Structures are given as C-alpha cells and as structure tokens.
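Below, chains carry the letters A, B, ... as their sequence lines are ordered, and counting in each starts from 1. Small disclaimer: the values here were computed from a predicted structure and weren't measured.
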Amino acid sequence: MRRAAVAIVKLTSCSGCINEFLYTIASYPELLRSVSIVHATEFQDLNTLEDIDVALVEGSVVTQHQEELVKEVRSRARTLIAIGTCATFGGIQAGRVGEDLRKVILASYPNPDFISALPDVKSLDRVVKVDFNLSGCPVNGDALARLLVKVILGGSEVPIAESVCSECKRVGVLCVMVSRGVPCLGPVTLGGCGAICPRFGRGCYGCYGLNTTVVDGERLARFSEVLEKVGMGRGDLEAFLKYFSFSALTKIRVRE
Amino acid sequence: MGARLIPKVGRVVRVVEEAPLVRTYHIRVEDLAEPQPGQFNVLYVKGFGEVVISISNFRYEGASAIAEHTVRTVGAVTSYIQTALNVGSPIGIRGPYGRGWPLKEFEGLDVLVVGGGIGLAPLRPILKHISRYRDRYGRLMLLYGARRPVDMLYKYEYGEYRAIPNSTMLFSIDMPYIGWSDYVGFVTDLIDRVSLDPEATVAYVCGPEVMMKVAASKLVKRGLREDRIFLSLERRCRCGIGVCGTCQLGHLFVCKDGPVFSYQEVKDYLAVGGL
Amino acid sequence: MAAQLTKYFKGGLGDLRALFDAVKNYVSVVVGYRVSGDAVGFGPVESLESLPLGLEDSQAPGAYRLSRGSSGFFRHSHASPKYWLHLPVQEVFTVLEDYAVDIARYDTYSAALFGIKPCDLVSMEVLDRILKNDDSYWSRRSKIELVVVEECTVPGATCFCGSIGTGPSASTGFDIAYARLSNGIIFKYGSEKGLRILEKLELTEVSEEDVAEYERAIARAGELTRYLPPPSEISKSLERSVSDTSFWKEVSSRCVGCTNCNMVCPTCFCTEFVDQIEPSGRAKRVRQWFGCLSHTYGQVAGTHYRPELYMRYRHFVLHKFLFYPKQVGLVGCVGCGRCITWCPVGIDLREVVSKVVSRYGS
C-alpha cells in the first residue's frame with residue numbers, strides 16, 4: 001500500500017504539538033509504515049507541498065504570509081487537521097489582540113522592522129475549511145495517532161463532546177474545586193487531556209478550549225461568579241479564555 | 001465476559017448499489033438467529049465502531065445466515081463502510097435485536113405500508129412476509145416516497161411487489177423530475193389517495209420522524225386505531241440490548257422496547273421536542 | 001416485642017473490628033469506602049484503618065470538605081458502589097490484525113461490601129434491575145457474597161433519603177447492618193448468613209432502652225432528611241411539567257453540562273463506546289460512563305434528538321422520578337444528595353423538585 005503523504009505545517013505556535021507528533025512516532029514506530037512525511041520544516045531538509053494526503057497544521061494565523069500558506073496547504077491537501085489549541089482556538093498569542101500591535105512588537109523583538117503581523121489572531125477554521133479540530137496545549141499524541149490512522153484508512157471520526165469533569169470522575173480524581181476550593185475551568189472545558197491538572201491537584205485552566213457545545217455567554221457569566229467565589233477574578237478568567245478559547249469567544253454571546 | 005457485546009465476524013458476499021450514497025450489503029455469518037421483520041443487527045467495523053442497521057432481508061444458505069443491510073452514508077461508521085467494504089471484506093455483526101413489526105397479531109386485516117426514503121429498508125421484510133403468506137392478510141397497500149426517483153430503494157423488486165395479488169402501490173417524489181409521471185409531493189399526501197377500511201387496517205410506517213408523525217396523525221383522522229399504527233423509531237442506539245442507556249425516549253429504550261412502537265405508546269413523547 | 005429484640009445486638013468499636021475480620025475471612029476481597037490520601041474513593045479495603053471511620057464530611061451544594069476527628073461521622077464521597085460494580089472505563093474487546101476478536105477478561109473475586117450506606121444499598125437494587133442484561137455488571141455483582149451496611153444516624157446537609165424512603169436505615173437486601181450511637185454500636189442482621197456471622201462475635205444482648213435509643217436516632221435522621229413530598233407526588237407533578245419548556249430552561253439556566261451529577265449519581269448507568277485504532281492495525285473497543293448532560297447524548301449522524309441543554313437536564317430529572325419507576329418499579333433517585341454536593345455550580349435537585357411540585361402539584 002502506498003504510504004500516505006503527510007505534511008506538517010507550522011504557523012505561529014511553540015512547536016509543542018509537533019514535538020508531541022514526534023513522541024507519537026516514537027511510541028508507534030509502525031506509523032512510519034503507513035505514513036511518509038513530505039513536509040516538516042522543523043525536522044527535515046527536503047520538503048514539498050506538492051501532493052498531500054493529510055496536512056497537520058499547528059499554530060494560528062497572524063500574518064498575511066501564513067494566511068496564504070494555509071490556503072495553499074488546504075488546496076493541496078485531501079484532509080486538513082488542525083492540531084493544538086493555537087490552530088483550533090487561536091492560542092496564547094491571542095492574548096495580544098486588542099493591544100497596540102506596535103507596542104507588542106517592540107516589546108517582543110529586537111529588530112521590529114522585519115515583523116509584519118496582522119492585528120487579529122485567527123484559528124484555522126476562520127481561514128480555511130478544517131476537516132478535524134484536535135485541540136489541546138499540547139495536542140494529545142494518542143488521540144492524534146488514532147485519528148491519523150482513521151484518516152489514512154479513508155475514514156473519519158465524530159468526537160464525543162464532554163467536559164474535563166467527565167474524565168476526572170471516571171479516573172476517580174477528587175474534584176479540586178468542590179473539595180478544596182481550587183478554581184477550576186474543567187466544567188466548561190473540552191475534555192481530551194485525561195484530566196492531567198486535577199490529577200496533580202491543580203485546577204484546569206482551560207487549555208483544550210471552551211466546550212461551546214454547551215456553554216454560551218449566559219452560562220459562562222454565571223460560571224464566572226462561581227469562580228470568583230473561590231478566588232479567580234474576572235481578569236484571570238478573561239485572560240485564560242483569551243489564551244485558550246479566543247475564537248470561541250467571538251462565537252458565543254458574552255454578557256457584559 | 002461481556003459476551004453480549006461481542007460481534008461475530010462475517011463477510012460481505014454481495015454489494016448492491018441502491019441509490020446515491022446507499023448500498024445494500026449482503027453479509028454471510030455463521031450462527032445468526034433468524035430475525036423477525038423489523039428487527040436490527042449491530043454492525044461493527046474494525047477501529048471505527050458499531051452502527052445499528054435494520055435487517056432488510058434474511059435467508060439461510062446451509063448453516064450460514066445471509067443478512068441484508070441497507071446502509072446510507074451519514075456518519076463516521078457508515079461512511080467508512082461505503083469507503084472500505086467490498087465483497088470479501090470482514091465485518092462484525094451481532095443481533096438480531098429489538099421488537100419488530102407485529103404481523104401475526106394482525107392477520108386478516110388490510111395492510112398499509114408507508115415508507116419514506118431509507119425508511120423502506122425495515123419495511124421490506126413485511127412485503128416479503130405478505131408475499132409469502134398472501135392468504136393470511138387482506139389488501140396490501142404500499143405508499144413509498146423519496147426525494148428523487150434515483151433515491152428509491154429496491155427498484156429491482158418493484159415488479160415482484162406489484163405481482164402480489166390484491167395490492168396497490170403508489171409512489172411519490174418531493175420535487176418534479178423529468179420522466180416522472182407519478183405523484184409529486186410528500187409521501188404522506190398519498191394517504192389521501194387510498195381507500196381505507198379504518199376498522200380493518202393495520203399500518204406500518206418508517207421514515208424521517210416528522211414524516212411518521214404526519215402519517216400517524218393523518219391515519220388517526222382517517223379512523224385508524226392508534227394501537228394499529230406502528231412506527232420504527234431512531235435514537236442514539238449503541239448496545240442494542242438496553243444497557244447503555246443512550247437511546248431512551250421517555251421511559252422507553254428504543255433498542256429493546258422498540259425500535260417498533262405503536263403510535264399509542266409513543267405519541268405523547270413524540271409530541272414534546274427533545275424528550 | 002421479644003422477637004423484635006433478637007434482631008439487634010450491641011457492641012463497640014472492637015466488635016466492629018471483629019466483624020470486619022470475620023467478613024474478610026468470608027470472601028477474597030472486602031470493598032467499601034476507602035481512604036486514599038486526602039480523598040475517599042471506593043475499592044478494596046485491607047483493614048478497618050482504611051475505612052473512613054475517623055473522618056467527617058461536610059457537604060453543601062457545590063462544596064465538600066473532609067476533616068479528621070474521632071467522633072466524626074462519614075456519609076459518603078463522590079464515589080459509590082457503582083465504581084466497583086459498573087466500571088467507569090472498561091475494555092470490551094480488541095480486534096487483532098487478522099480480525100480475530102480478543103474478548104477482554106477480568107478476574108473477579110468473591111467480595112463483600114462493607115460500610116456502604118442505606119442509599120447505596122437501594123442504588124444497587126436499581127442498577128441490578130436496569131442492568132439486568134449487562135453481563136459485565138453481573139460478573140462483578142454476582143460475586144458480592146455479603147453486604148454490611150452502615151446506617152446513618154447523623155445525616156449530611158445534602159442528604160434527603162428520608163424523602164424517598166431509601167434511608168437512613170436499611171430494610172432489605174443486606175446481610176448485616178450497624179449503626180453507631182453515642183454509647184455503642186447496634187448491629188442487626190438481614191439474612192441468615194448475617195445472623196450466623198453476628199452470633200460468632202462476642203456481642204451483648206440489647207436492652208429495650210438501647211433499641212429505643214436506636215429507633216429515636218433513626219427517626220431523627222429520617223426527619224432531618226425529609227425535604228420533599230412523597231415520590232408519587234413528585235412524579236405526578238413532573239408528568240404535568242413535561243412540555244413547560246420555559247420552566248425547564250429556567251431551572252437549568254446555571255447548568256454547564258459538565259456531567260458531574262451523572263458521574264457521581266449511584267444509579268446513573270449510561271455508557272458510551274470509544275473505538276481506538278492503533279497504528280499496528282489492532283483496534284480496541286472501550287466502554288465508559290457517559291452523562292446525559294453532555295452535548296453528545298441524543299446525537300446521531302445527521303440529527304440530534306436532544307440538541308438543547310434544558311432537554312437533557314429535564315431528562316436527568318424525569319428519568320429519576322418518572323421514568324425509572326416505569327422501567328424498573330423503583331424511584332431512580334436514592335436521595336443521597338451527591339448530585340447537589342458535586343455540582344460545581346451548586347444546582348440543588350431538591351429545590352428543582354420542590355419548584356416542580358409547587359407549580360404542578362395537585
């Protein structure tokens with residue numbers, strides 16, 4: 001059987017999801033029997049975007065060049081998978097949206113003249129048609145491997161939309177918020193991480209993104225009152241939502 | 001352990017193109033019990049999961065069973081079936097499950113069969129049953145509608161259905177189509193075009209839920225008894241044996257109490273959205 | 001009266017230890033509320049020290065705290081016998097490269113449940129009936145050879161078993177029950193097997209005052225947990241409320257669909273299947289708890305039968321009080337209050353049910 005041509009494309013992001021993909025290959029070396037990596041500027045020299053079966057795109061779109069690149073990738077790829085929360089929701093860099101872009105650039109780069117960023121930070125689905133969104137910061141490598149196998153076989157997957165709490169309770173982790181008063185975004189956040197943070201006694205900060213299948217602006221506003229009672233101020237909540245759920249915030253009604 | 005949820009492995013022995021995105025798979029498998037008309041099997045495709053599909057025909061060939069399943073591409077599992085399964089492909093299968101159409105109870109009555117689109121699949125065994133035991137039933141009326149002529153199932157069998165003595169067949173499509181001389185409109189409109197003896201008719205209906213609701217209320221207006229109108233319902237069925245809980249409609253488990261219900265049993269539930 | 005008295009025995013903490021040891025000798029594994037770290041789960045218990053006897057829980061809508069103290073009284077945690085009998089995550093089978101089906105097998109041991117609560121006991125009866133076709137559940141359930149119940153003389157703030165009639169004392173379905181009182185522990189038996197075990201311990205006869213004190217304690221606890229009208233009144237009211245969309249939207253307006261109520265409910269049994277295909281070509285089918293409050297519940301390819309959250313919340317409530325009685329002849333809510341305590345936004349089922357009854361009651 002011909003190996004599937006997989007392109008790994010990086011936009012604005014930390015490369016953590018691409019690292020996760022490499023760990024995945026290390027855990028499932030047999031994946032290389034069915035996959036050939038035709039593009040991955042992060043870890044190989046010979047790259048082509050000619051004929052792609054599956055494009056794994058990490059990162060969000062913050063420049064004109066990236067917008068053109070991702071459109072080109074889309075036109076050449078049979079299947080496009082957005083991997084990681086930057087690609088699916090915008091990511092941490094969305095924290096700068098609404099700030100003075102020049103100031104942000106000056107604060108970040110020694111030679112700001114080379115930077116031509118757009119004021120907005122876009123998740124992939126705001127630029128191109130995305131076939132599968134796999135969020136997570138970083139993406140869950142096992143979930144990525146399984147989806148990739150399904151896609152290579154010509155199939156697809158309909159994810160079960162659940163909160164982090166479902167995962168917490170199934171593994172029997174004590175609820176950090178109810179039992180210790182630790183602020184936790186788990187109830188409004190998409191599961192998929194296996195409840196990593198609550199397993200270590202920490203509250204979820206929402207890195208898989210807001211569970212918009214249930215949570216609208218009204219419910220979010222009411223939930224923010226609960227968080228406030230246990231010590232998470234509106235400012236912190238807004239920051240977490242901006243970092244990990246930016247594109248969702250434009251889709252839901254947020255009560256002032 | 002968990003033996004009830006373990007599929008038997010069968011093989012696809014024939015694939016029939018029915019309509020765009022619809023195919024009938026003939027699956028050969030050992031040791032499968034004979035189903036009642038209206039029952040379903042659960043098909044499993046490796047790595048992609050299970051899907052509940054009605055049994056549209058069934059026969060034994062020696063020791064092995066041949067179950068026919070008409071599958072339309074709508075979700076992840078059905079798409080993969082269409083993409084990857086051909087003659088010779090292995091496929092998991094378990095069943096038969098559920099409560100089928102009550103036929104024996106209504107011998108002697110006229111039979112009205114109303115189908116919409118893919119909904120003809122679970123009704124097909126009724127037509128086969130009546131054709132086989134023709135003298136046990138009164139008139140047979142089949143009303144079948146689809147979106148377009150090309151979407152109609154089992155076209156190769158219509159001659160066989162027409163040949164059933166003392167039967168009427170009416171067809172409809174949703175939109176006008178070149179070469180179509182039968183009715184254009186909803187299949188439920190056809191109910192107005194048949195003469196019914198309300199005291200002596202049983203109706204078996206399957207199609208989209210709105211269509212079934214319209215059909216049932218029309219039939220009630222025509223004087224049919226609510227406990228003689230039967231609908232085959234769809235819900236999120238997973239296990240098929242009433243343990244996973246996801247198919248509940250009110251207090252009913254669609255997989256084990258249904259999928260066939262009398263209109264009387266479910267009309268209050270169907271009247272409330274999202275129950 | 002004399003016949004009544006033989007039902008009871010009296011003892012102290014030492015006798016509870018002796019009972020635990022006797023039960024431990026009877027089966028391969030004793031299962032119950034188990035202290036692990038700062039939490040109380042549900043699983044195999046090695047010794048009496050692993051039971052939460054020295055812990056006190058305080059519960060309120062959306063709040064749970066554990067504290068230590070010798071006089072503490074423990075009700076329950078997020079966990080329940082469901083964690084042992086109806087596994088949260090379990091492999092169903094693996095399909096190998098050549099399509100051979102490798103059925104997952106589990107070792108099951110004869111087990112005793114020790115220290116479960118009267119509400120837990122009823123929840124098992126509900127699960128027994130609703131999961132009667134579930135051979136995975138029964139592979140574990142049928143191995144429960146002995147049930148020891150701890151009755152609740154000091155109910156918690158979210159408990160309402162007295163309303164449903166599922167507590168604070170145990171009536172049937174157990175072998176031995178005990179109640180901790182200020183001046184000792186009262187033991188009673190619910191089966192011949194239980195009696196035989198109790199007779200081997202060095203327990204004393206109870207006096208009429210002991211019995212009277214026990215009955216007063218149970219009656220007091222019953223009063224404290226009687227918040228709601230009788231279940232038949234609740235179900236009638238619910239039946240009338242079904243099509244009141246705005247009511248159900250209002251009572252579920254704070255819900256975020258997180259499914260904590262489903263997961264902690266000792267009678268919520270729904271499961272979903274997850275198919276994991278590995279790059280090797282093997283595929284695993286996993287079955288796991290699934291909550292009706294999650295969006296996916298009711299979704300099928302091409303449509304959704306419960307697209308809005310209020311519909312799923314309504315199903316949760318209707319199922320407990322209206323549909324369970326029709327399905328299995330028992331109220332599905334056992335009044336444990338877990339869904340109230342573990343709801344992160346503190347939605348109080350008692351309030352919702354009271355509202356339904358005040359609006360739609362006769």
Under a 4.5 Å heavy-atom cut-off, does chain C meet the side chain of A/V226, its backbone, both or neither?
-> side chain
Please flag which part of A/P159 lies under 4.5 Å from any non-hydrogen atom of chain C: side chain, backbone, both or neither.
-> backbone
Specify which of [options] makes the most heavy-atom pairs with chain A at under 4.5 Å.
options: C/A79, C/A301, C/A63, C/G281; answer: C/A63
options: C/S77, C/G41, C/A60, C/C255; answer: C/C255
options: C/T259, C/V256, C/V264; answer: C/V256
options: C/G257, C/P344, C/P307, C/A283; answer: C/P344
options: C/G346, C/S253, C/G37; answer: C/S253
options: C/R254, C/Q276, C/H78; answer: C/Q276

Based on non-hydrogen pairs under 4.5 Å, which of [options] is most in contact with chain C?
options: A/C184, A/C175, A/A161, A/G181; answer: A/A161
options: A/S166, A/G201, A/G191; answer: A/S166
options: A/S179, A/P29, A/S163; answer: A/S179
options: A/L148, A/I160, A/L31; answer: A/I160

NZ/NE/NH1/NH2 to OD/OE distance under 4.0 Å, C/R34 and C/E46 = no
Thinking salt bridges, do C/D134 and C/R287 make one under a 4.0 Å N-O criterion?
->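 Between C/R287 and C/D134 there is a salt bridge, with a charged N closer than 4.0 Å to a carboxylate O.
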Assess whether salt bridge (Lys or Arg N to Asp or Glu O under 4.0 Å) is satisfied between C/D244 and C/R314, documenting all intermediate values.
-> CA-CA 10 Å; C/D244 189 345; C/R314 181 179 61 189; over 6 Å; no
Within a reach of under 6.0 Å around CZ of A/R202, are more than 12 heavy atoms found that belong to other residues, nucleotides or ligands?
-> no
Kindly indicate whether the side chain of A/L220, heavy atoms from C-beta on, has any atom under 4.5 Å from the side chain of A/L210.
->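 They are in contact (side-chain heavy atoms under 4.5 Å apart), so the answer is yes.
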For the rings on A/F246 and A/F89, is their centre-to-centre separation under 6.0 Å?
-> no
Indicate, with yes or no, if the rings of A/F244 and A/Y208 have centres closer together than 6.0 Å.
-> no
What part of [X] gets within 4.5 angstrom of chain A, counting heavy atoms only: side chain, backbone, both, or neither?
X: C/E272; result: side chain
X: C/N262; result: neither
X: C/A39; result: both
X: C/V345; result: both

Using only heavy-atom distances, determine whether the side chains of A/S15 and A/E42 contain a donor-acceptor pair under 3.5 Å.
->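 Note: A/S15 and A/E42 side chains meet the donor-acceptor criterion.
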Would you say the side chains of A/D142 and A/Y28 form a donor-acceptor pair under 3.5 Å?
->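 Indeed, the side chains of A/D142 and A/Y28 share at least one donor-acceptor pair under 3.5 Å.
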Any donor-acceptor pair under 3.5 Å from C/R75 side chain to C/D57 backbone =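 Looks like yes, one N/O pair under 3.5 Å.
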